[in-house]
Amino acid sequence: MSKLKCIILAAGKGTRMASDLPKVLHKVCDKPMVVYPLQAAASAGAEESCVIIGYKGSLVKSEVESYIRIGEIKEPITFAEQKEQLGTGHAVKCASDFIGVDGNVMILCGDTPLITGETLKKLVDTHTKSGNGVTVLSAILPDATGYGRIIRDTNGAFQKIVEQKDCTAEEAAVKEINSGIYVFNSEALSQSLEKLTNDNAQGEYYLTDTISIIKSAGMKVDAVPVDNNDEILGVNTHLQLEAAERIKKAGI
């Protein structure tokens with residue numbers, strides 16, 4: 001079985017939390033949010049993880065290390081610093097040495113405390129069995145407002161991801177969304193990161209652009225809908241933090 005690594009995106013401040021604390025250190029059921037995706041990744045078979053840190057990175061690093069010491073997070077964990085916030089693609093590029101060219105790499109968000117190892121393992125299994133260059137975890141939402149849409153052709157094959165602001169009226173009506181959780185072939189990811197540009201309105205490097213690069217190179221790309229939409233809940237506000245706490249207590 002090919003080696004599986006994991007990257008956790010945890011560099012953001014989280015301005016909508018209205019707090020000086022890095023967003024991923026806000027707690028759900030008395031644990032910092034970043035602990036949960038690290039645990040889920042290990043449960044899904046990740047042999048090592050790299051946490052991308054930025055805002056108050058030393059604080060995030062020391063908190064993660066404290067959970068390693070008490071045995072709640074498995075080693076080895078490394079850290080890569082994103083000194084400027086230049087987009088998700090740039091964040092992942094900061095871990096280029098970690099990614100390498102062997103096996104597969106999962107990319108998770110540090111603010112998704114409800115994701116489970118079971119779901120991630122299913123995603124990885126689908127990815128490896130299909131021989132995909134990248135596999136996206138998607139969700140079917142009744143209201144997809146604000147999310148990037150998964151666009152498929154008439155046969156149901158993955159075509160592309162379109163961000164909300166770039167959607168046509170037809171694309172905006174699509175209910176399948178991008179969760180921001182992926183499994184990449186490591187070599188394909190490394191090669192596509194080298195081709196990323198920031199030629200867009202925001203001047204940022206988007207990780208989703210690597211998907212179209214990989215698809216254009218002739219590799220298979222697919223999206224797999226999650227069974228329980230609660231798992232992909234990203235926490236950006238205190239209301240969402242409270243919702244994640246309620247769901248976690250209910251036993252997700």
Side-chain angles (χ1 to χ4, degrees), residues 3-100 105-117 120 180-182 186 189 193 204-205 207 231-245 247-249 252:
K3 184 169 186 176
L4 180 65
K5 298 178 177 181
C6 177
I7 291 172
I8 307 282
L9 304 179
K13 180 180 180 180
T15 49
R16 284 191 280 165
M17 298 299 284
S19 165
D20 286 337
L21 192 68
K23 181 167 70 164
V24 299
L25 294 189
H26 285 269
K27 292 186 175 181
V28 171
C29 295
D30 296 323
K31 279 185 206 172
M33 284 195 283
V34 70
V35 171
Y36 292 107
L38 280 164
Q39 290 175 329
S43 173
E47 296 171 50
E48 55 183 313
S49 293
C50 178
V51 181
I52 310 295
I53 54 175
Y55 174 72
K56 292 193 175 179
S58 57
L59 196 59
V60 176
K61 185 172 185 278
S62 64
E63 194 75 4
V64 168
E65 287 173 340
S66 72
Y67 278 83
I68 292 170
R69 282 195 297 274
I70 62 174
E72 292 227 5
I73 299 174
K74 287 183 183 176
E75 295 187 279
I77 307 281
T78 54
F79 299 87
E81 187 181 7
Q82 184 186 23
K83 290 178 179 166
E84 293 180 88
Q85 306 291 297
L86 299 175
T88 49
H90 176 256
V92 173
K93 209 169 182 178
C94 293
S96 292
D97 291 343
F98 173 81
I99 295 164
V105 58
M106 270 189 298
I107 297 180
L108 309 179
C109 305
D111 64 354
T112 51
L114 302 178
I115 192 68
T116 64
L120 294 179
I181 292 172
Y182 315 89
S186 296
L189 177 58
L193 285 170
E204 293 188 350
Y205 296 88
L207 185 60
E231 287 192 42
I232 63 149
L233 175 72
V235 173
N236 293 298
T237 65
H238 282 285
L239 277 176
Q240 289 170 335
L241 190 70
E242 289 165 13
E245 175 104 7
I247 296 163
K248 182 68 83 174
K249 282 180 175 172
I252 193 168

Side chain to side chain contact (heavy atoms under 4.5 Å, CB included) evaluation trace for Ile232 with Thr112: CA-CA 6 Å; Ile232 63 149; Thr112 51; 5.9 Å; no
Which residues share a salt bridge (Lys or Arg N to Asp or Glu O under 4.0 Å) with Lys5, sequence neighbours left out: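 Here no residue qualifies.
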Got a sec, which residues hit salt bridge (Lys or Arg N to Asp or Glu O under 4.0 Å) with Glu81, two or more places apart in sequence or on another chain?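 Salt bridge (Lys or Arg N to Asp or Glu O under 4.0 Å) check on Glu81 returns nothing, list empty.
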Would you give the length of the straight line joining atom [atom1] of [X] to atom [atom2] of [Y], rounded to the nearest 0.5 angstrom?
X      : Y      : atom1 : atom2 : answer
Ser49  : Lys74  : OG    : NZ    : 10.5 Å
Asp111 : Leu25  : CG    : CG    : 12.0 Å
Ile181 : Ile115 : CD1   : CD1   : 4.0 Å
Asp30  : Glu245 : CG    : CD    : 7.0 Å
Ile107 : Ile52  : CD1   : CD1   : 8.5 Å
Ile73  : Leu38  : CD1   : CG    : 5.0 Å

Taking every non-hydrogen atom, the tightest pair across [X] and [Y]:
X      : Y      : result
Pro113 : Val28  : CG-CG2, 4.1 Å
Cys29  : Lys248 : SG-CG, 3.4 Å
Gly234 : Gln240 : O-OE1, 3.4 Å
Gly117 : Ser43  : CA-OG, 3.8 Å

Donor-acceptor pairs are to be reported for all side-chain atoms of residues 7-22 against protein atoms at under 3.5 Å, with residues two or more places apart or in another chain.
from, atom 1, to, atom 2, distance (Å)
Ser19, OG, Leu21, N, 3.0

Applying side-chain hydrogen bond (donor to acceptor under 3.5 Å, both in side chains) as the test, list every pair that has at least one member in residues 51-69; sequence neighbours left out.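 Applying side-chain hydrogen bond (donor to acceptor under 3.5 Å, both in side chains) to every pair that reaches into residues 51-69, excluding sequence neighbours, yields Lys61-Glu65.
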Scan for salt bridge (charged side-chain N to carboxylate O under 4.0 Å, His left out) pairs involving residues 83-96, sequence neighbours excluded, and state none if there are none.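 Applying salt bridge (charged side-chain N to carboxylate O under 4.0 Å, His left out) to every pair that reaches into residues 83-96, excluding sequence neighbours, yields nothing.
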Sequence neighbours left out, what passes side-chain hydrogen bond (donor to acceptor under 3.5 Å, both in side chains) with [X]? Give chain and number order.
X     : answer
Glu48 : Lys3
Gln85 : none
Glu72 : Lys31, Gln39

Just do the side chain to side chain contact (heavy atoms under 4.5 Å, CB included) check on Val51 and Val24 with the steps written out, would you? CA-CA 11 Å; Val51 181; Val24 299; over 6 Å; no
Which residues satisfy the ring-ring contact (aromatic ring centres under 6.0 Å, His included) test with His26, sequence neighbours excluded? His238
Looking at residues at least two apart in the chain, or sitting in another chain, which of them share a ring-ring contact (aromatic ring centres under 6.0 Å, His included) with Tyr36?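 Partners of Tyr36 under the ring-ring contact (aromatic ring centres under 6.0 Å, His included) test: none.
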Side chain to side chain contact (heavy atoms under 4.5 Å, CB included) between Leu189 and Leu207, intermediate numbers included: CA-CA 10 Å; Leu189 177 58; Leu207 185 60; 4.3 Å; yes
Taking the side chain as C-beta and beyond, is there a heavy-atom pair between Cys6 and Leu108 under 4.5 Å?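 In contact.
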Ignoring hydrogens and geometry, is there a side-chain-to-backbone donor-acceptor pair from Glu231 to Thr116 under 3.5 Å? yes
